[in-house]
2 protein chains.
Amino acid sequence: MTPAGRRIVAAAEELFYNRGITAVGVDLIAEQSGVTKRTLYNQFGSKDRLVATYLAERDQRWRSLVRSTVDRCERRVEAVTAPFDALRTWSKTNTRGCAFINALAELPDPSHPAHRIAANQKLWLLNLFKELAVAADCSDPATLATQLFVLHEGALATQPLPIDTLSETADLARALVRASEHPRR
Amino acid sequence: MTPAGRRIVAAAEELFYNRGITAVGVDLIAEQSGVTKRTLYNQFGSKDRLVATYLAERDQRWRSLVRSTVDRCERRVEAVTAPFDALRTWSKTNTRGCAFINALAELPDPSHPAHRIAANQKLWLLNLFKELAVAADCSDPATLATQLFVLHEGALATQPLPIDTLSETADLARALVRASEHPRR
DNA sequence: GCCTATGTTCACAGATCAGTATACCTTGGA
DNA sequence: TCCAAGGTATACTGATCTGTGAACATAGGC
């Protein structure tokens, strides 16, 4: 991606996430990134493709954070709930809920390129929970993973509300993992 | 509300929920409800106030469903997780996630009338969980209520995804309630 | 020295947006 | 009988939307 392209995506991330995708026009993004609208269209072709790029970029950054948080765990039981620690870090600078849920809300058309990206992001996390649960030798890892996933999404979705739910949610997640550890370990 | 007003709100509900608030124009709502745009503005004054009416109407309908589901429970322990049963019913005809979360995503301005309505809807449910937990004599009802609330919102938020999470979520919710029952009962 | 990639400037098209103006119609009640 | 409320029909404003066209500038690599 060219320097101008990177600046455009950075401005798009900021604006789309904080003001909504439909509400933000390409003119504003071009102005905010110090670039001509022509350059924006030369780089991305359409607003829809810029939206997809924005979500893909954000997905990548988020996965990196989760992965590094998981890798930093010494014991595999801790790793299962590491995404909740990542969420705490993430929430410090992202207080407008989940960008992917929000994008799905604004773009109902399943054929929109952003749709696939958002759905995949969610399924990736669900699958990661399952892998971590298997690695930690938890009983019924599929069910546990679904429960942790729903808890995670719930904590994320309630983020814009004036109440803090993350602590209780993470506590419950850890209790669930402990309860599903095999006794023979 | 006049007959035309009711038709407008009905059309607005359908369109706003399924296509997004910003993406739907007032012309489309007027056309869909078989009403002139002039009538729409005579009734509601602005699009923002129509959006607020749409959310208030939806909130009312949803609370009725939850209340009736709660009231139908014979034992108070069942009542605590009744909102999850209501969610199952609700999800049959509402597969685009939570209208209030979606509205918050599209309308970042906290001074928007819809903002208060959406936030209140969530806080109402959290408080209902707490009241039900107290009535069922659960230990630490505040924490339990927060956990049930997050689970509920998680199940709602993951609804647009091609996976079913509601069964496992409701099971976990019931297990949590059972685990927090006082032994002396 | 030339060529390609990256970008700029600026005007423009066609559609759609929220919201208004004006004049008219219909119906039920005092 | 009149009048007010609810509603229709239609045209309009001014702004904003995504996206395009055409000509020009600049710099690095062969």
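This is a predicted model, so every value here is computed, not measured. What's counted below: heavy atoms across the whole structure, side chains too, no hydrogens, waters or symmetry copies. Naming convention: chains lettered A, B, ... in sequence-line order (proteins, then strands); numbering from 1 in each chain.
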Once you apply a heavy-atom cut-off of 4.0 Å, does B:T39 come out as touching a base, just sugar-phosphate, or nothing? base

State which residues pass side-chain contact (heavy atoms from CB on, under 4.5 Å) with B:D48; sequence neighbours excluded, sorted by chain then number. B:S46, B:H112

Holding to side-chain contact (heavy atoms from CB on, under 4.5 Å), I want the full list of residues that pass it with A:P113, two or more places apart in sequence or in another chain. A:A52

According to salt bridge (charged side-chain N to carboxylate O under 4.0 Å, His left out), who are the partners of B:D171, at least two apart in sequence or on a separate chain? B:R174

List the residues meeting salt bridge (charged side-chain N to carboxylate O under 4.0 Å, His left out) with A:R63, not counting sequence neighbours, and say none if there are none. A:D59

side-chain hydrogen bond (donor to acceptor under 3.5 Å, both in side chains) pairs touching residues 148-160 of chain B, sequence neighbours excluded, are B:S91-B:Q159, B:K122-B:E153, B:T158-B:T165

Using chain A heavy atoms and a threshold of under 4.0 Å, write down where along DNA chain D the contacts begin and end, 5' to 3'. D:dT18 to D:dA22

The criterion is salt bridge (charged side-chain N to carboxylate O under 4.0 Å, His left out); which residues satisfy it with A:R58, sequence neighbours excluded? A:E13

With heavy-atom distances below 4.5 Å as the criterion, would you say the side chains of B:F129 and B:L151 are in contact? no

Test salt bridge (charged side-chain N to carboxylate O under 4.0 Å, His left out) applied to A:D27 - qualifying residues, sequence neighbours left out: A:K37

Checking B:D164 now: which residues fulfil side-chain contact (heavy atoms from CB on, under 4.5 Å) with it, not counting sequence neighbours? B:L166, B:S167

Starting from A:F16, walk the hydrophobic network (Ile, Leu, Val, Met, Phe, Trp, Tyr; side-chain heavy atoms closer than 4.5 Å) and list everyone else you reach, by chain and number. A:M1, A:I8, A:V9, A:L15, A:Y17, A:I21, A:V24, A:V26, A:L28, A:I29, A:V35, A:L40, A:Y41, A:F44, A:L50, A:V51, A:Y54, A:L55, A:F100, A:L107, A:I117

Mark up nucleotides 17-30 of chain C, 5' to 3', with B wherever a protein heavy atom is under 4.0 angstrom from a base atom, S wherever such an atom reaches only the sugar-phosphate, and - elsewhere. SSBBBB--------

A:T36 vs C:dC10: side-chain N/O to OP1/OP2 distance below 4.0 Å: no

Let's see if you get this right: which residues in residues 102-113 of chain A place a heavy atom under 4.0 Å from DNA chain D? none

